[in-house]
> 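Below is the structure I would like to discuss, written out as structure tokens.
Just so it is clear, the values below take in all heavy atoms, side chains as well, and ignore hydrogens, waters and symmetry mates. Just so we're clear, the structure is a prediction, and the values are computed from it rather than from any experiment. Letters go in sequence order (proteins before strands), and every chain restarts at 1.
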Number of protein chains: 2
Amino acid sequence: MQTNVIRMVIADDHDLVREGIHVRLASESYIDLVGEAKNGREAVDLCRAHKPDLVLLDVSMPKLNGLEAASIIKEELPDTKILFLSVYDNDEYVQEALRIGANGFVLKDVSKPEMLNAIRLASSGATYIGPRLSKSLAASTPSRGHSAQDYGLTNREKQVLAAISRGMPNKEIAETMNISVRTVESHRMSIREKTGGGNAVMLTKIATELGLT
Amino acid sequence: MQTNVIRMVIADDHDLVREGIHVRLASESYIDLVGEAKNGREAVDLCRAHKPDLVLLDVSMPKLNGLEAASIIKEELPDTKILFLSVYDNDEYVQEALRIGANGFVLKDVSKPEMLNAIRLASSGATYIGPRLSKSLAASTPSRGHSAQDYGLTNREKQVLAAISRGMPNKEIAETMNISVRTVESHRMSIREKTGGGNAVMLTKIATELGLT
DNA sequence: TTTAGCATCGGTACTACTACTGATTTTTTG
DNA sequence: CAAAAAATCAGTAGTAGTACCGATGCTAAA
């Protein structure tokens, strides 16, 4: 954003939706709609041609879906912000979108002000995730280890284990945690007892297994 | 949000920061500051007592850090929205915050309008992630990139490195390779020189990076 | 053929970690 | 509040790894 006008491209395979968005945005003076695509391929081409500040992408589209298109756009035009639009409150899509580097994800039933808010935030470089999606995001992301086998590790032990897996020697761990080396050794020993892990490398494997990376 | 007033609790271990927030929020009529905590434990207690709409948590605090406090609050009061405040643009924290179910994450250098925006969005159930954090979030989940760097390791060194990454101590490596421990140490040392890797854990990371798993 | 790199081994000194034992204080919990 | 769990620290002894020093053959390239 060099100026305060947001130059944007929109992409959705449904004419009706595209027109609806068009109407909503047309009345906003700070938005300059520079292109409209009806599939992912067109969206990518339009972005290449116009280098917009922001592209509003429907998730499900023919040729290239929104996520695929976003990957390409992000790679070629890192400064172009990406805002996803979806009918599905599917957390997998949100996850993937964030992984790609999206700056927002909203459902198609957003109100006009909420949508404009999302556009402003996304173009400013922040990330906006719509209300119902936040919930599914919270409920979903336990893919990082957790549950299953915690080996009964305490918080402190987990912290130490995480530090070990980052390659820190006990001395450094002690310093960053503001405790003595002996205490770190204590924790380390109980970690080994609980997990059955041997040396630092084995403990690292267990750490990644538990998602403490 | 049953009414349009946002009842909130703030928590930060630095008086100065807390006062700054207080001043910022006091002038906003739609915000009702119902409590201030100076550590995680107090934050949890205040939330239990006041059941606020939103709690603004510093990430690093004594007793219980912000993330730990948030876990407890989310569990006991699922309707209380959580907004994190941090000095670190560390993506790990953001990841963890989202996992817990946070509704926002901003850096301590946020402008007042941005902060108020984040508060409004979070309390409405959406999720707001501040500008610089979005970048680290995007960059944090890189999809397997091979560096094609060999570091100029010799065959023997690669074998040793692979063994190290399997968690074998030098003694075992020496036995399975039918060489002396000193030789393994020699190889190990040149591996460290060439790769810049420090201890066993670091070497393991390099090994996986080179696909020697 | 000389140079260079590789692989092999040894000495010495130091640091990091392991394996116990035992203790105090704080925190959590019933 | 009392019991249990967690977190803190210390002693001692042993093992593993680090960081240097050096040496000997062996092979492949200049």
> Within this structure, what is the CD-to-C1' distance between A:Glu193 and C:dC20, rounded to whole angstrom?
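Those two atoms, CD and C1', are 10 Å apart.
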> For B:Glu185 and B:Asn178, find the nucleotide of DNA chain C closest to each by heavy atoms; which residue's nucleotide sits nearer the 5' end?
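First, find each residue's nearest nucleotide; the 5'-ward one identifies B:Asn178.
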> B:Lys108 and B:Asp12: salt bridge (Lys or Arg N to Asp or Glu O under 4.0 Å), yes or no, with the steps?
CA-CA 11 Å; B:Lys108 279 191 180 170; B:Asp12 192 298; 3.0 Å; yes
> Just call it for B:Ser180: base, sugar-phosphate, or nothing, with non-hydrogen atoms closer than 4.0 Å on any strand.
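Contact class for B:Ser180: sugar-phosphate only.
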> I'd like to know if the side chain of B:Asp58 reaches the main chain of B:Ala11, judged simply by a donor and an acceptor atom lying under 3.5 Å from each other, with no hydrogens or angles considered.
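Not confirmed, B:Asp58 side chain does not pair with B:Ala11 backbone.
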> In whole angstrom, give the distance that lies between atom CZ of A:Arg182 and atom P of C:dA19.
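It works out to 15 Å between those atoms.
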> Quick one: A:Ile164 CD1 to C:dC17 C1', roughly how many Å, whole number?
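Atom-to-atom, A:Ile164 to C:dC17, this comes out as 10 Å.
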> Check the phosphate of C:dA19 against A:Arg192, side-chain N and O only, distance under 4.0 Å to OP1 or OP2. Yes or no?
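Yes, because at least one side-chain N or O of A:Arg192 sits under 4.0 Å from OP1 or OP2 of C:dA19.
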> Nearest-Å distance, CZ (A:Arg188) to P (C:dC20)?
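About 16 Å, once rounded to whole Å.
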> Give a yes/no answer on whether the side chain of B:His187 brings an N or O atom under 4.0 Å of OP1 or OP2 in C:dT8.
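For C:dT8, OP1/OP2 do have a side-chain N/O of B:His187 under 4.0 Å.
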> Write down the distance between CG (B:Asn199) and P (D:dT18), rounded to a whole number of angstrom.
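Value for this atom pair: 7 Å.
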> Within less than 4.0 Å of OP1 or OP2 of D:dG17, is there a side-chain N or O belonging to B:Asn170?
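Indeed, a polar side-chain atom of B:Asn170 lies that close.
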> Would you classify A:Thr154 as touching base, sugar-phosphate or nothing, given that sugar-phosphate means primed atoms plus P, OP1 and OP2, and contacts are heavy atoms under 4.0 Å?
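Answer is sugar-phosphate: A:Thr154 comes under 4.0 Å of backbone atoms only.
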> Grab the CD1-P distance between A:Ile191 and D:dA7 for me, whole Å please.
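After rounding, the gap between these two atoms is 10 Å.
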> If you only use heavy atoms from C-beta on, which nucleotide in D:dT8, C:dA16, C:dC6 is closest to the side chain of B:Lys194?
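Looking only at side-chain atoms, B:Lys194 lies closest to C:dC6.
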> Without swapping roles, check the side chain of A:Thr80 against the backbone of A:Pro52 for a donor-acceptor pair under 3.5 Å.
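Here the side-chain-to-backbone pair exists.
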> A:Met202 CE to C:dT18 P: how many Å, rounded?
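The answer, rounded to whole Å, is 13 Å.
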> If you only use heavy atoms from C-beta on, which nucleotide in D:dT8, C:dT8, D:dA7 is closest to the side chain of A:Ser186?
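Looking only at heavy atoms from C-beta outward on A:Ser186, the closest nucleotide is D:dT8.
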> Give the rounded distance in Å between these two atoms: CG of B:Asn155 and C1' of D:dA28.
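B:Asn155 atom CG is separated from D:dA28 atom C1' by 14 Å.
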> For B:Asn170, check side chain to side chain donor-acceptor pair (under 3.5 Å) against everything at least two apart and list the hits.
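If we apply the side chain to side chain donor-acceptor pair (under 3.5 Å) test to B:Asn170, skipping adjacent residues, the hits are B:Arg188.
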> Taking only the side-chain heavy atoms of A:Met189 (C-beta and beyond), determine which of D:dA7, C:dA19, C:dA16 contains the nearest atom.
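Of the candidates, C:dA19 comes closest.
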> Side chain of B:Arg41 only, please: which of C:dA16, C:dT8, C:dT28 is the nearest?
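Comparing C:dA16, C:dT8, C:dT28 against the side chain of B:Arg41, the answer is C:dT28.
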> What I want to check is whether the side chains of B:Tyr30 and B:Arg120 have a donor and an acceptor closer together than 3.5 Å.
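On atom types as modelled, these side chains qualify, holding a pair under 3.5 Å.
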